[in-house]
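Step one of this worksheet: look at the structure below.
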Amino acid sequence: MGGCSAPNCSNSTSIGKQLFRFPKDPVRKKKWVVNCRRDFEPTPHSRLCQDHFQQSQFEEIARSPAGGKKLKPNAIPTLFTIADAPYPAVTIPYILLPTKPEPVEKELNFGDHGYARRTPLPGLEEEDADRTAEDQQPCTQCHLLKKQLEQEMQHTARLQMEAEEMKKRLFRLDRIEKGLQNFLYEDQIRALTLTKRSRRAVWSPETILKARKIRCEVGTKGYEYLRDLGYPLPSYRTLCNRLETKIMVTTDMSCEELAELSLGLMATCNSPTDGVGDNDEEELIGVLS
């Protein structure tokens, strides 16, 4: 095994010193060479021993595969027998970004700086084997949490789909409402949501006048036919009660005959049949507005 490449240094692994390979990064490798004060091109077998690195250049906890110290990814050697090194040691924390893994040497199995081979300490291989077996055992709690996370993600996906479907339905209902507003008033649109023949409907004056005009145009049977189909119109009793100016008249004509005359007479639904004047057949059947 070769020794340290620094001038005036003969340390090697034979005396228990740890050697580190020159980095592959051209910029950092140049800093190492300049600090060594040697004009040479490092080879894959060139090394620097641990005595040329300050203690701050080593990881506090991390260890090499052989059990030795591990350099920081941005470590720079500064301790030499010559004058101060041109490049000082790096003290700024180094953030290591994920990069493409580099090929590992088959024989030495070095990392970025290439640690020197060492004989594993007694019992270290057994501890590493036990730790590897424990790491490979599946964690029951992790498995349950992972399964729960998958279920939550599926539930979230279903809710998102339902929300999108509700948005589409609201858009279609909004278009339908705007279409109904072209020929129906607001109170008529609200009446569509009520049950048929509901007494809770509140009709506006505009709807009353519109319903009266429709009844005059289509007649009594046509008006009731539209209401049976579900067209939002007030009942005839409501039309009679909502008229502002009322003149009570009596006649012996039936309601259908009055409607066919289109005189503006509207018969009440439950008109009294008491006699008026000398004619017992006459009845109070409507109002004239």
Side-chain angles (χ1 to χ4, degrees), residues 1-137 139 142 146:
M1 174 63 67
C4 180
S5 300
N8 302 325
C9 183
S10 58
N11 291 336
S12 64
T13 56
S14 60
I15 61 175
K17 297 295 183 179
Q18 191 173 353
L19 301 180
F20 301 97
R21 187 182 59 180
F22 279 74
K24 295 181 179 181
D25 183 16
V27 177
R28 292 177 54 238
K29 181 169 65 174
K30 181 180 178 182
K31 293 180 179 180
W32 283 37
V33 173
V34 173
N35 285 1
C36 289
R37 300 298 179 86
R38 284 191 59 183
D39 186 12
F40 80 111
E41 179 65 27
T43 65
H45 303 287
S46 299
R47 303 288 190 272
L48 287 180
C49 69
Q50 64 186 40
D51 292 346
H52 303 295
F53 296 90
Q54 297 179 10
Q55 189 62 30
S56 61
Q57 303 302 296
F58 294 98
E59 297 284 357
E60 296 180 359
I61 301 177
R63 296 288 177 176
S64 67
K69 295 181 178 180
K70 184 177 180 180
L71 286 175
K72 292 182 178 180
N74 57 347
I76 295 178
T78 56
L79 304 179
F80 296 96
T81 56
I82 54 179
D84 295 338
Y87 292 99
V90 178
T91 58
I92 301 177
Y94 182 81
I95 301 176
L96 183 61
L97 298 177
T99 57
K100 184 177 180 182
E102 299 180 354
V104 182
E105 297 182 9
K106 295 182 179 179
E107 295 183 357
L108 302 181
N109 193 20
F110 293 146
D112 183 34
H113 301 288
Y115 303 98
R117 289 184 296 179
R118 279 189 176 183
T119 304
L121 299 176
L124 182 61
E125 295 181 353
E126 297 179 358
E127 294 179 0
D128 293 341
D130 295 340
R131 189 180 300 107
T132 304
E134 293 177 357
D135 295 340
Q136 292 178 354
Q137 292 179 358
C139 178
C142 295
K146 183 178 180 181

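The model shown is predicted, which means the values in this text are computed figures rather than measured ones.
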Item to check | Heavy-atom pair with the smallest gap, counting every atom of Asn11 and Leu19 | outcome: O-CD2, 4.3 Å
Next on the checklist: Taking the side chain as everything from C-beta on, heavy atoms only, tell me whether Phe22 gets closer than 4.5 Å to Thr43.
Outcome noted: no
Next on the checklist: Between Lys69 and Glu59, does the side-chain contact (heavy atoms from CB on, under 4.5 Å) criterion hold? Intermediate values first, please.
Outcome noted: CA-CA 7 Å; Lys69 295 181 178 180; Glu59 297 284 357; over 6 Å; no
Checklist entry - Does Val27 reach the side chain of Lys31, with side-chain heavy atoms less than 4.5 Å apart? => result yes
Next on the checklist: Checking the side chain of Lys70 only, and the main-chain atoms of Glu60 only, is there a donor and an acceptor separated by less than 3.5 Å?
Outcome noted: no
Checklist entry - Tell me, do Arg47 and Phe20 make a side-chain contact under 4.5 Å, heavy atoms counted? => result no
Checklist entry - Is there a donor-acceptor pair under 3.5 Å between the side chain of Gln57 and the backbone N or O of Pro77? => result no
Checklist entry - What is the minimum heavy-atom distance between Arg21 and Pro44, and which atoms define it? => result CD-O, 3.8 Å
Next on the checklist: When you measure from the side chain of His52 to the backbone of Phe80, do you find a donor-acceptor pair of N or O atoms at a distance under 3.5 Å?
Outcome noted: no
Item to check | Check: Phe53 ring centroid to Trp32 ring centroid under 6.0 Å | outcome: yes
Checklist entry - CD/Gln50 to CG/Leu79 distance, rounded to the nearest 0.5 angstrom? => result 11.5 Å
Checklist outcome for this item: Minimal heavy-atom distance between Leu48 and Cys4, with the atoms involved, is CA-SG, 3.8 Å
Checklist outcome for this item: Lys29 meets the salt bridge (Lys or Arg N to Asp or Glu O under 4.0 Å) criterion, sequence neighbours left out, with Glu41
Checklist entry - Taking only residues two or more places apart in sequence or in another chain, which ones pass side chain to side chain donor-acceptor pair (under 3.5 Å) with Ser5? => result none
Checklist entry - Can you find a side-chain donor-acceptor pair between Thr78 and Gln54 that sits under 3.5 Å? => result yes
Next on the checklist: Any non-hydrogen side-chain atom of Cys9 less than 4.5 Å from a side-chain atom of Asp51?
Outcome noted: no
Checklist entry - Short question: side chain of Arg28, backbone of Pro73 - any donor-acceptor pair under 3.5 Å? => result yes
